[in-house]
Amino acid sequence: MGLNQKIIFHIMGLLLLFNGGFMLLAAVLSAVYQDGATLDIFLASMVSMFIGVFAMFTTRGHKKEVKRKEGYLIVTFGWLVMSVSGMLPYLFSGAIPDVTNAFFETISGYTTTGASILDDIESLPEGILFWRSLTHWIGGMGIIVLAIAILPLLGIGGMQLFAAEAPGPSADKLHPRITDTAKRLWYIYVGYTAAETLLLKLAGMSFFDAINHSLATLSTGGFSTKNASLAFWNDQPLIQYIVILFMFLAGTNFVLSYFAFKGKVQRILKDEEFKFYTIFILLFTVLAGLVIYSTANVQVSEYHPMVLGEGESAFRHALFQVIAVVTTTGFVSADFTSWTPFLTIFFFGLFFLGGSAGSTAGGIKVMRHLLIIKNGLLEFKRTLHPNAIIPVRYNNKTIKEHIVYNIIAFFVLYMLLFIIGALGLGAMGLDFVSAIGGAASSLGNVGPALGSLNPVSNFNGLPDIGKWWCGFLMLAGRLELFTVLILLTPYFWKRT
């Protein structure tokens with residue numbers, strides 16, 4: 001049987017229509033601020049919407065059936081189509097005139113990575129900065145729907161396990177309640193964004209900065225409207241604590257937020273992933289805070305220098321950077337690579353942790369780490385008792401063997417792609433630290449990296465091919481590896 005090409009193009013058209021609609025929002029804001037980019041963003045919106053309507057109109061007679069092959073293509077090409085059309089406001093306005101740079105900035109937005117090529121963010125028109133933040137938010141919403149509704153059906157990366165925890169979707173068939181589930185989670189996503197915007201405004205941010213940072217926080221993206229990122233507000237701790245709270249929520253399984261609003265607090269407290277996610281953050285914060293506090297003459301950053309002498313400051317910057325890296329948000333309150341060599345390696349290790357499954361965070365995810373560790377520890381028992389059946393248990397449920405194998409395969413592929421990614425960057429002339437940092441950050445959708453790509457620098461110095469390479473790593477990492485990599489296998493394209 002061949003591919004149902006019509007439905008693929010129909011959904012691509014629908015995505016372009018959505019994209020164009022969000023661009024109109026950016027055009028309206030641009031008009032309000034009279035920043036000179038209104039017409040350019042409006043034109044980009046019209047082009048996206050016209051192509052979208054044309055694609056939907058010419059494929060309106062499609063068969064309403066999405067099989068696995070179509071699912072993989074829709075997910076991967078959906079992100080690529082959004083990224084290509086998302087470049088248009090940058091190109092039309094001249095904010096980023098180069099195609100390579102515009103594509104890098106856009107795919108970094110949609111994959112919620114937050115790595116940037118911009119040297120002077122604050123000089124850009126407000127409408128363009130708002131569009132830049134919106135690419136994060138759209139990508140973050142897409143990831144929630146992916147995690148809840150699509151990936152379990154494709155059997156991706158152990159997400160069937162998450163499907164069992166979700167209130168709607170089923171791992172083997174499309175359930176009508178998926179739509180309801182996705183809607184409820186979108187409401188939570190929008191609600192959190194509005195709440196953070198209000199709190200940041202009350203804490204002293206301008207409305208424009210508040211809405212942009214909320215869009216970037218809930219999507220765990222990390223694009224800021226300031227060159228110094230959140231270090232700009234180092235003298236306003238309340239702002240940073242608000243962002244810390246919402247980064248934590250964004251890195252938590254959104255289904256748990258749904259349970260919280262339904263009053264099912266016990267479900268949250270019993271969730272193993274949430275427990276370990278919280279414990280990891282607290283332990284890592286204490287460790288980093290103690291190192292910062294005990295190290296003399298360590299400065300927070302070159303912006304608003306503040307010697308970390310008092311406990312609150314040491315704790316806040318440790319907590320901020322730990323949560324920013326673990327949730328892969330990538331906001332910066334300080335250049336953590338300049339603190340101590342130990343903390344540089346420590347934060348590099350956190351690039352591989354990731355937030356919770358079913359959150360907008362990137363990375364490997366806490367759930368996968370937990371199951372790999374549990375399975376590894378059980379191998380000792382299995383060695384002593386070779387005939388015993390000793391299953392892996394998670395949330396007091398037995399995990400099927402094929403899910404454990406799937407997760408181990410994901411981990412091996414992830415580490416392999418990290419090594420290949422670093423080799424690629426090394427071949428392009430990057431030094432060892434920059435190459436491994438850039439590959440880990442791109443694949444984990446973290447944002448800031450190490451070496452020449454450190455938190456107070458950017459990715460502009462990469463050669464053009466390096467930007468495309470990092471873009472590929474961002475996409476593969478964001479879409480749970482298998483979704484993208486399966487398209488590169490010859491048997492995927494064989495007619496069955």
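Nothing here was measured: the structure is a model prediction, and the numbers come from that model.
Side-chain N/O atoms of Asp35 and Ser30 include a donor and acceptor closer than 3.5 Å. There is a side-chain donor-acceptor pair under 3.5 Å between Glu196 and Thr217. Between the side chains of Ser133 and Asn212, at least one donor N or O lies within less than 3.5 Å of an accepting N or O.
In terms of heavy atoms, Gly86 sits closest to Pro89 at O-CD, 3.3 Å. When all heavy atoms are compared, the tightest approach of Ile242 to Ala203 is CD1-CB, 3.6 Å. Residues Thr220 and Gly251 share a closest heavy-atom pair of CG2-N, 4.4 Å. Closest heavy-atom contact between Leu473 and Ala439: CD1-CA, 4.1 Å. Residues Phe459 and Ala449 share a closest heavy-atom pair of CZ-CB, 4.3 Å. Closest of all the heavy-atom pairs between Gly204 and Ile239 is C-CD1, 4.3 Å.
Applying the ring pair (Phe, Tyr, Trp, His ring centres under 6.0 Å) test to residues at least two apart or on different chains, the pairs with a partner in residues 26-59 are Tyr33-Phe208.
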### Query
Between Tyr277 and Asp271, is a side-chain contact (heavy atoms from CB on, under 4.5 Å) present by the stated rule, with each step listed?
CA-CA 10 Å; Tyr277 167 68; Asp271 186 82; over 6 Å; no
### Task
Report the C-alpha separation of Ser214 and Phe246 in whole Å, then their side-chain angles, then the decisive distance to 0.1 Å, and conclude whether the side-chain contact (heavy atoms from CB on, under 4.5 Å) test is met.
CA-CA 8 Å; Ser214 299; Phe246 284 94; over 6 Å; no
### Message
As a quick check of understanding, evaluate side-chain contact (heavy atoms from CB on, under 4.5 Å) for Ile41 and Ser93, giving each step before the final call.
### Response
CA-CA 7 Å; Ile41 301 171; Ser93 67; 5.5 Å; no
### Task
Could you check Met428 against Leu462 for side-chain contact (heavy atoms from CB on, under 4.5 Å), going step by step and ending with a plain yes or no?
CA-CA 9 Å; Met428 294 165 203; Leu462 279 179; over 6 Å; no
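Note that CG of Leu198 and CZ of Phe207 are 10.0 Å apart. Values are rounded to the nearest 0.5 Å. Distance check, rounded to the nearest 0.5 Å: CG of Leu453 to OG of Ser441 gives 8.0 Å. Here Phe261 contributes atom CZ and Ile188 contributes atom CD1; the two are 6.0 Å apart, rounded to the nearest 0.5 Å. The line from CH2 of Trp79 to OG1 of Thr111 is 9.5 Å long, rounded to the nearest 0.5 Å. Here CD1 of Ile323 is found 9.5 Å from CG of Leu249. Values are rounded to the nearest 0.5 Å. Rounded to the nearest 0.5 angstrom, Ser452 OG and Asn458 CG are separated by 10.0 Å.
Taking the six-membered ring for Trp and thresholds of 30 and 60 degrees, Trp137 and Tyr189 have nearly parallel ring planes, at less than 30 degrees apart. Note on ring orientation: taking the six-membered ring where Trp is involved, the planes of Phe352 and Phe348 are perpendicular (angle over 60°, cut-offs 30° and 60°). The aromatic rings of Trp468 and Phe103 lie parallel to each other, with less than 30° between the two planes, well short of the 60° mark.
Side-chain atoms of Thr489 come within 3.5 Å of backbone N or O of Ile486 as a donor-acceptor pair. Using modelled atom types, one side-chain atom of His136 and one backbone atom of Phe223 make a donor-acceptor pair closer than 3.5 Å. Side-chain N or O atoms of Arg132 include one that pairs as donor or acceptor with a backbone N or O of Ser224 at under 3.5 Å. Between the side chain of Glu70 and the backbone N or O of Ile8 there is no donor-acceptor pair closer than 3.5 Å. Asn445 places no side-chain N or O within donor-acceptor distance of the main-chain N or O of Thr112, the cut-off being under 3.5 Å. Thr76 places a side-chain N or O within donor-acceptor distance of the main-chain N or O of Thr483, the cut-off being under 3.5 Å. No side-chain donor-acceptor contact under 3.5 Å links Thr329 to the backbone of Phe331. Here the side chain of Thr38 pairs a donor or acceptor atom with the backbone of Ala31 at under 3.5 angstrom. With Ser108 contributing its side chain and Gly114 its backbone, the two residues share a donor-acceptor pair below 3.5 Å. Listed for the Ser359 side chain is no donor-acceptor partner under 3.5 Å among the backbone atoms of Gly355.
The shortest side-chain heavy-atom distance between Ile281 and Leu319 falls under the 4.5 Å cut-off. At a threshold of 4.5 Å between non-hydrogen side-chain atoms, the residues Leu481 and Tyr414 count as touching. You'll find the side chain of Glu126 stays beyond 4.5 Å of the side chain of Val32, heavy atoms only. Looking at Leu185 and Val255, their side chains come closer than 4.5 Å, going by heavy atoms from C-beta outward. Annotation: side chain of Met367 is not in contact with side chain of Ser356 (no heavy-atom distance under 4.5 Å). Using a 4.5 Å heavy-atom cutoff, the side chains of Asp209 and Leu200 are not in contact. At a threshold of 4.5 Å between non-hydrogen side-chain atoms, the residues Thr193 and Leu215 count as touching. Ile107 has its side chain out of reach of Phe472: every pair of non-hydrogen atoms, C-beta onward, lies at least 4.5 Å apart.
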Compile the donor-acceptor pairs under 3.5 Å between side chains in residues 11-25 and protein atoms, sequence neighbours left out, one pair per line.
| residue | atom | partner | partner atom | Å |
| --- | --- | --- | --- | --- |
| Asn19 | OD1 | Tyr110 | OH | 2.6 |
| Asn19 | ND2 | Met82 | O | 3.2 |
| Asn19 | ND2 | Ser85 | OG | 2.6 |
| Asn19 | ND2 | Tyr110 | OH | 3.0 |

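Geometrically, Lys69 engages Phe492 in a cation-pi contact, judged by NZ or CZ lying under 6.0 Å from the ring centre and within 45° of the ring axis. Remark: Lys226 qualifies as a cation-pi partner of Phe232 under the 6.0 Å distance and 45° angle criteria applied to the six-membered ring.
The only member of Asp98, Asn101, Thr100 that meets side-chain hydrogen bond (donor to acceptor under 3.5 Å, both in side chains) when paired with Lys467 is Asn101. Checked against Thr59 for a side-chain hydrogen bond (donor to acceptor under 3.5 Å, both in side chains), the options His10, Gln5, Lys6 give a single hit: His10.
No more than 12 heavy atoms of other residues, nucleotides or ligands sit less than 6.0 Å from atom CZ of Phe9. The neighbour count for Gln34 CD, taken as heavy atoms of other residues, nucleotides or ligands under 6.0 Å away, does not exceed 12. Open room surrounds OH on Tyr187; 12 or fewer heavy atoms of other groups in view lie less than 6.0 Å from it. Around the CG atom of Leu238, the shell of radius 6.0 Å holds more than 12 heavy atoms that belong to other residues, nucleotides or ligands.
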